[in-house]
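Accompanying notes for the structure given below.
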Amino acid sequence: MSLNPVQPPPTQDHKGIFTRLPFSEVTDKDLTFFKDLIPGRVVTDEDDLKSHNIDWLRTVRGHSKLLLRPKNTEEVSNILKYCNDRNLAVTPQGGNTGLVGGSVPVFDEIIISTALMDKVISFDQVSGSLVCQCGCILESLNQYLEGQGYIMPLDLGAKGSCHIGGNIATNAGGLRLLRYGSLRGTVLGLEAVLPNGTVLNCLNSLRKDNTGYDLKQLFIGSEGTLGLITAISILCPRKPSSVNVALLGCESFSKVLQVFTLCRDLLGEILSAFEFQDLESMNVVQTHLKLMNPLQESPFYILIETAGSSVQHDEEKLNVFLAKALESGLVNSGTVATDQSKIKSVWALRERITEALAHDGYVYKYDLSIPVEKLYALVEETRVRLGRTAKRVVGYGHLGDGNLHLNITSESHSKSLVAALEPFVYEWTAQHCGSISAEHGLGFKKRNHIYYSKSPEAVQLMQILKKLLDPKGIMNPYKTIPSSG
C-alpha cells in the first residue's frame, strides 16, 4: 500500500495466479443485452473503469472492460443468470474498501457494482431490526438510525464509503465487536442471488428461527464467491445516551493486559471498545496527519470507550476505574473526553493509523487473531527479524477481541522484505493457535495461505460447497479458497 500514484502491477502477475480460467469474453451481443436490461447503467469507458479495477490500497489491478450498476434484486438475478448461461465471470463490488484484493477483478471479470442498491426497506422501532439493500453506506445507515434512537452494531474506519453488503460478505469486525458481537450474531437474515440467478430469500427479522440449516451463515464471510448478497436484515442496538472515551498511556504491554482485566471487572456492561496502539503507530499519525497526542510519550496507548444510558452512573464507574488504574501504577497518564468533538479527536488517533501509514511508504499489512497474552510478541519479533530493512514496524488493534494489525513500511516495495515476512508471520500465527485473517477476509492475496488456519478437510468441504452452488465458478473467481483442481 502506498499513496504513490504509480499504477500497481496487474493482479494476474502476482505469485500464485498463472492463467486465466476458460471463461467467455464479453461480446457486442452481451453488451446489447445488458444495455437493454439496465439502460444507462452499463459502464465501458476505460477512464471510468480505472478506479473500479484498482483496490483501495493500490496493490492489485484487474482489467475489466465492463461494469454493471443494477438497482434491485431482479436486475441482479437477470444479470447473473445471463452470465452463468454465457460462462462470463463476475466480481461483486461494494465500496471497494477491502484490504485483500477481494473486490477487484483479477483478469477481465465483469464488475457488478452495488452502489445504486442503497435503499432502506424498513425499520422496526420496537425490535430494532433494520432491513435494507446491500449498497447502503455504513455511515449513512448509522445516521438514519440515530434519528430513530438506534445505531448500527458495526463501526469501521472506512464507514464513510464501505457498503453494508460488503461488510457482511467479508464478515467485517471493527470497533464495536467487543460490545455488540460479530455480524454472525447481529445479522438476522439476508437475501442473496445465486450464480444461476436464483433468488434465495432468507430475509426474515426473527431473533429465533430454528428450522433447518442457517443458510445465511454460508454467505457471511464468503466474499462474494457463493452468490451476491442483495439485502440484509440486521439487529440494531439503542443509541447510548452517555458516551465517554478515555486515552491512557502505559509503560509495557503486560500492563496493557492488566488494564484490560481491570477494565472488564470495573466497567462491565458499559464497556464498548478497548483499543491499543504502540508508540510507533502514535508517531505516524502525528508525523503525517499532524494530529495532537494529548498525553506524554508512552510505549503503549489504550483507548477505552464506555456507552450506557445514565451519565452519572457511567461517569462514576469510569472514575473508579481510572483511579484504580492510576493508583496501581498500571497507567502513567490519561485524558477523558465526554463532548463529541473531543471524542472524535481522540478516536482519530486510532482510526486514522491506516491513512497515516499510507504516507509513510509502501505498507505490508497483516490482520491477525492471536491469543491476547501473545498479541504483541509478534510485533517485537518482527522488529528484531527485519532490523533496518524496514522503515517502520507498528502494532495496533482491537485488544478486546484479540485482533492485531501488524503493519510494516518501507520506502518502496521490496521482494526481499516480503520474503522475510512470509511465511514467517503466517507460521508464527499458526504456531500460536491464531488466525491469519481476523476481519479482513482472504480475498485474492491470502487465499493460498488458508491452510495456516484451516485443516485440509475443512478447505475440501468449502470447495465442495463452492462447486455445489457455483458449478461453473463464475462468482468472484481466484478468491478466498484455493482451486480444487
Side-chain angles (χ1 to χ4, degrees), residues 37-38 40-41 68-81 92-97 103 112-156 158-172 174 176 180-194 197-209 211 214-222 224 226-239:
L37 177 66
I38 50 171
R41 289 176 280 133
L68 306 176
R69 294 162 60 89
K71 286 184 176 180
N72 55 53
T73 301
E74 183 181 2
E75 290 178 349
V76 173
S77 174
N78 289 330
I79 288 169
L80 286 182
K81 184 180 186 306
Q93 187 176 96
N96 198 18
T97 58
S103 59
I112 303 178
S113 169
T114 59
L116 299 182
M117 300 180 68
D118 60 351
K119 304 294 187 296
V120 172
I121 298 169
S122 66
F123 178 67
D124 190 315
Q125 279 276 5
V126 177
S127 69
S129 61
L130 171 75
V131 181
C132 65
Q133 287 184 300
C134 60
C136 291
I137 293 172
L138 180 59
E139 189 171 44
S140 299
L141 288 177
N142 205 63
Q143 291 169 350
Y144 167 82
L145 288 168
E146 283 183 343
Q148 316 285 327
Y150 286 80
I151 59 171
M152 288 293 286
L154 176 71
D155 189 19
L156 303 170
K159 57 194 166 192
S161 51
C162 65
H163 294 187
I164 187 62
N167 298 152
I168 292 169
T170 56
N171 191 25
R176 291 177 178 165
Y180 301 117
S182 76
L183 288 170
R184 292 197 181 279
T186 54
V187 172
L188 300 173
L190 57 77
E191 175 187 78
V193 180
L194 303 183
T198 299
V199 178
L200 180 67
N201 188 346
C202 297
L203 197 61
N204 70 57
S205 295
L206 303 174
R207 294 290 298 275
K208 290 184 174 181
D209 179 9
T211 53
D214 191 3
L215 295 177
K216 69 176 182 290
Q217 297 294 347
L218 277 178
F219 297 90
I220 300 173
S222 66
L226 300 179
L228 197 155
I229 297 170
T230 50
I232 61 108
S233 171
I234 190 166
L235 185 65
C236 303
R238 291 288 294 177
K239 179 183 178 182

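Being a predicted model, the structure only gives us computed values, none of them experimental. Side chains included, hydrogens not; waters and symmetry mates left out as well; all remaining heavy atoms used.
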Checklist entry - Arg238 and Tyr150: side chain to side chain contact (heavy atoms under 4.5 Å, CB included), yes or no, with the steps? => result CA-CA 4 Å; Arg238 291 288 294 177; Tyr150 286 80; 3.1 Å; yes
Which atom names give the shortest non-hydrogen contact between [X] and [Y], and what distance separates them?
X      : Y      : answer
Leu206 : Asp209 : CD1-CB, 4.4 Å
Cys236 : Leu130 : SG-CB, 3.9 Å
Cys132 : Leu141 : SG-CD1, 4.0 Å
Pro70  : Ile79  : CB-CD1, 4.1 Å
Ile151 : Tyr180 : CD1-OH, 3.8 Å
Gly224 : Pro92  : O-CG, 4.0 Å

Checklist entry - Can you list every ring pair (Phe, Tyr, Trp, His ring centres under 6.0 Å) pair that touches residues 124-145, not counting sequence neighbours? => result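 Listed by first then second residue: nothing to list.
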Donor-acceptor contact present, side-chain [X] to main-chain [Y], <3.5 Å:
X      : Y      : result
Arg69  : Ala115 : no
Ser77  : Gly197 : yes
Asn142 : Met152 : yes
Gln93  : Ser103 : yes

How many angstroms lie between [atom1] in [X] and [atom2] in [Y], if you round to the nearest 0.5 Å?
X      : Y      : atom1 : atom2 : value
Ile234 : Leu183 : CD1   : CG    : 5.5 Å
Lys216 : Ser222 : NZ    : OG    : 14.0 Å
Asn204 : Leu190 : CG    : CG    : 9.5 Å
Thr186 : Leu235 : OG1   : CG    : 7.5 Å
Arg184 : Ile168 : CZ    : CD1   : 11.0 Å
Glu139 : Cys162 : CD    : SG    : 9.0 Å

Checklist entry - Would Thr73 and Val193 count as a side chain to side chain contact (heavy atoms under 4.5 Å, CB included) if you check the C-alpha gap in whole Å, the side-chain angles of each, and the deciding distance to 0.1 Å? => result CA-CA 7 Å; Thr73 301; Val193 180; 3.9 Å; yes
Checklist entry - Which pairs, with at least one residue in residues 129-138 and sequence neighbours excluded, count as a side chain to side chain donor-acceptor pair (under 3.5 Å)? => result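 Matches after skipping sequence neighbours: Ser127-Ser129.
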Checklist entry - Under the side chain to side chain contact (heavy atoms under 4.5 Å, CB included) criterion, do Thr230 and Leu228 qualify, and how do the steps go? => result CA-CA 6 Å; Thr230 50; Leu228 197 155; 3.9 Å; yes
Checklist entry - Has Gln143 got more than 12 heavy atoms of other residues, nucleotides or ligands less than 6.0 Å from its CD? => result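 Enclosed.
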Item to check | side-chain hydrogen bond (donor to acceptor under 3.5 Å, both in side chains) between Ser205 and Ser233, worked out | outcome: CA-CA 6 Å; Ser205 295; Ser233 171; 2.7 Å; yes
Item to check | Glu191 side chain near Val199 side chain, heavy-atom distance below 4.5 Å | outcome: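 Answer yes - side chains close enough.
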Checklist entry - Yes or no on side chain to side chain contact (heavy atoms under 4.5 Å, CB included) for Leu188 and Arg207, after CA distance, side-chain angles and deciding distance? => result CA-CA 7 Å; Leu188 300 173; Arg207 294 290 298 275; 4.0 Å; yes
